[in-house]
Amino acid sequence: MDLNFDTKLATNYHSKSQIIRVLSEAWVKDHGYCPNCSVKPLAEFANNRPVADFYCANCNEQYELKSKKAKLSNVINDGAYDTMMQRISSEDNPSFFFLTYSAHQGDSAQYSVNNFLIIPKHFFKSDMIVKRKPLSPKAKRAGWIGCNIDLRQVPELGKVFLVKNQQVIPRDTVTQRFQQTLFLRGQTQRARGWTLDVWQCIDKLGANFSLNQVYTFAGELQLKYPDNHHIHDKIRQQLQILRDKGIIEFLGGGNYHKLN
């Protein structure tokens, strides 16, 4: 996998944002593949489609691409807040590719990929979409409200790297990690929210952890689910789901170990 952008494709563009869009989309088209079924290449949707940029003609997975210079940050700027909230609650919402790149200045600018990862759509929930302040009355789009995507709300297994720190990850590893979490799509939105919230709690603990340690997050979970009066029971239920799906293993005596 060549990690360099083909800069010749942007010869006729002058806007920096257009240049990056053209180069990054071309790179994904040439070097990307479907993390779900491993088929290459991905097909492109028509320009300016509001929902996604790419799709897999084999398994029909859809993908939207976000590109950014420099390091991968915890918070990613996105478009309109209302549009994003509608998107993540729909059945055909896309998974998100996040690409970071570096620029090298010389006789002409050269760009290379640092990180390329996917966050599958089943990891998106409403509390990771952060509403920004409306644009000022003097702005060209006065009153427009954008959003940020808070990647800190995503469990580590939900961040599936195809390229990490300029190291290409084997394709079979990518596909295995993507498919490992597909069980979340079979849950209702509320049930999936519980699984992800408890998963996020254990992500804050070490490789080995105890049930009592997870119980320390009960107050935090109670705030999210004020109508639930059996938080400890719910925590045990979600740990059993994560155990059955091979995310954690039960060691006995109320102790667990994270797999992968």
Student check: side-chain heavy atoms of Gln187 and Trp194 closer than 4.5 Å: no

I'd like to know whether NZ of Lys29 has more than 12 heavy-atom contacts from other residues, nucleotides or ligands below 6.0 angstrom. no

Can you find a heavy atom in the side chain of Asn93 that is under 4.5 Å from one in the side chain of Gln86? no

Show, in sequence, the C-alpha distance, side-chain angles and deciding distance for Asn255 and Asn208, and conclude whether the side-chain contact (heavy atoms from CB on, under 4.5 Å) test is met. CA-CA 7 Å; Asn255 295 303; Asn208 294 311; over 6 Å; no

Other residues, nucleotides and ligands only: do more than 12 of their heavy atoms fall within 6.0 Å of NZ on Lys258? yes

Just so I know, are the side chains of Met85 and Ser126 near enough to count as touching, which here means a heavy-atom distance under 4.5 Å? yes

Minimum side-chain heavy-atom gap Leu117-Leu72 below 4.5 Å: yes

So Phe123 and Met128, do their side chains get closer than 4.5 Å, heavy atoms only? no

Please step through side-chain contact (heavy atoms from CB on, under 4.5 Å) for the pair Phe183 and Ile241, ending with a clear verdict. CA-CA 10 Å; Phe183 70 91; Ile241 290 172; 4.1 Å; yes

In this structure, would Ile247 and Leu251 fall into the same cluster of hydrophobic residues linked by side-chain contacts under 4.5 Å? no

State, to 0.1 Å, how close Asp203 and Pro155 come at their nearest heavy-atom pair, and which atoms those are. OD2-CA, 3.1 Å

Under 3.5 Å, is there a donor-acceptor pair between the side chain of Arg132 and the main chain of Ile145? no

Quick one: are Arg87 and Pro94 in side-chain contact, heavy atoms under 4.5 Å? yes

Atom CD1 in Ile118, atom SG in Cys34: separation rounded to 0.5 Å? 7.5 Å

Can you tell me how far OG of Ser89 sits from CD of Gln189, rounded to the nearest 0.5 angstrom? 6.0 Å

So that I know where these two stand, are Tyr101 and Trp27 an aromatic pair - ring centroids less than 6.0 Å apart? no

Taking Pro120's backbone N and O only, do any of them form a donor-acceptor pair with Ser95's side chain (distance below 3.5 Å, no angle check)? no

Under the 3.5 angstrom rule, does the side chain of Thr175 hit a backbone N or O of Asp172 as a donor-acceptor pair? no

Joint hydrophobic cluster, Phe98 plus Met1, side-chain heavy atoms closer than 4.5 Å: yes

If we check side chain to side chain contact (heavy atoms under 4.5 Å, CB included) with Ile149, which of these qualifies: Asp78, Ile88, Asn77, Asn74? Asp78

Taking Tyr225's backbone N and O only, do any of them form a donor-acceptor pair with Gln222's side chain (distance below 3.5 Å, no angle check)? yes

Looking only at non-hydrogen atoms, find the nearest pair between Lys40 and Arg171 and report the distance. CD-NH2, 3.8 Å

I'd like to know whether the aromatic ring centres of Phe54 and Phe97 sit less than 6.0 Å apart in this structure. no

Okay, side chain of Thr195, backbone of Ala191: is any donor-acceptor separation there less than 3.5 Å? yes

Considering the options Val39, Val174, Val28, Leu42, which one meets the side chain to side chain contact (heavy atoms under 4.5 Å, CB included) requirement together with Tyr33? Val174

Connected via hydrophobic side-chain network under 4.5 Å: Phe161 and Leu182: yes

Among Arg192, Arg190, Lys234, Lys224, whose salt bridge (Lys or Arg N to Asp or Glu O under 4.0 Å) with Asp197 holds? Lys224

For a 4.5 angstrom cut-off between non-hydrogen side-chain atoms, does Leu65 reach Ser24? yes

Joint cluster assignment, Tyr81 & Val130, ILVMFWY side-chain distance < 4.5 Å: no

Looking at Leu135, is its backbone amide N or carbonyl O close enough to the side chain of Arg141 to form a donor-acceptor pair, meaning the two atoms are under 3.5 Å apart? no

Is any NZ, NE, NH1 or NH2 atom of the basic residue among Glu220 and Lys204 found under 4.0 Å from an Asp or Glu carboxylate oxygen of the other? yes

Taking the side chain as everything from C-beta on, heavy atoms only, tell me whether Phe96 gets closer than 4.5 Å to Ile76. no

Thr100 side chain to Asn115 backbone, donor-acceptor under 3.5 Å: yes

Check: Lys164/Gln167 side-chain N/O donor and acceptor closer than 3.5 Å: no

Quick one: sort the Tyr256 and Phe250 rings into parallel, tilted or perpendicular, breaks at 30° and 60°. tilted

Apply side-chain contact (heavy atoms from CB on, under 4.5 Å) to residues Gln200 and Arg152 and explain how you reach the verdict. CA-CA 9 Å; Gln200 186 182 353; Arg152 291 170 295 189; 5.8 Å; no

Reported CD1-to-CD1 distance for the pair Ile202 and Ile248, which is rounded to 0.5 angstrom: 5.0 Å

Can Tyr63 and Asn36 be said to form a side-chain contact (heavy atoms from CB on, under 4.5 Å), step by step? CA-CA 11 Å; Tyr63 305 100; Asn36 180 47; 4.2 Å; yes

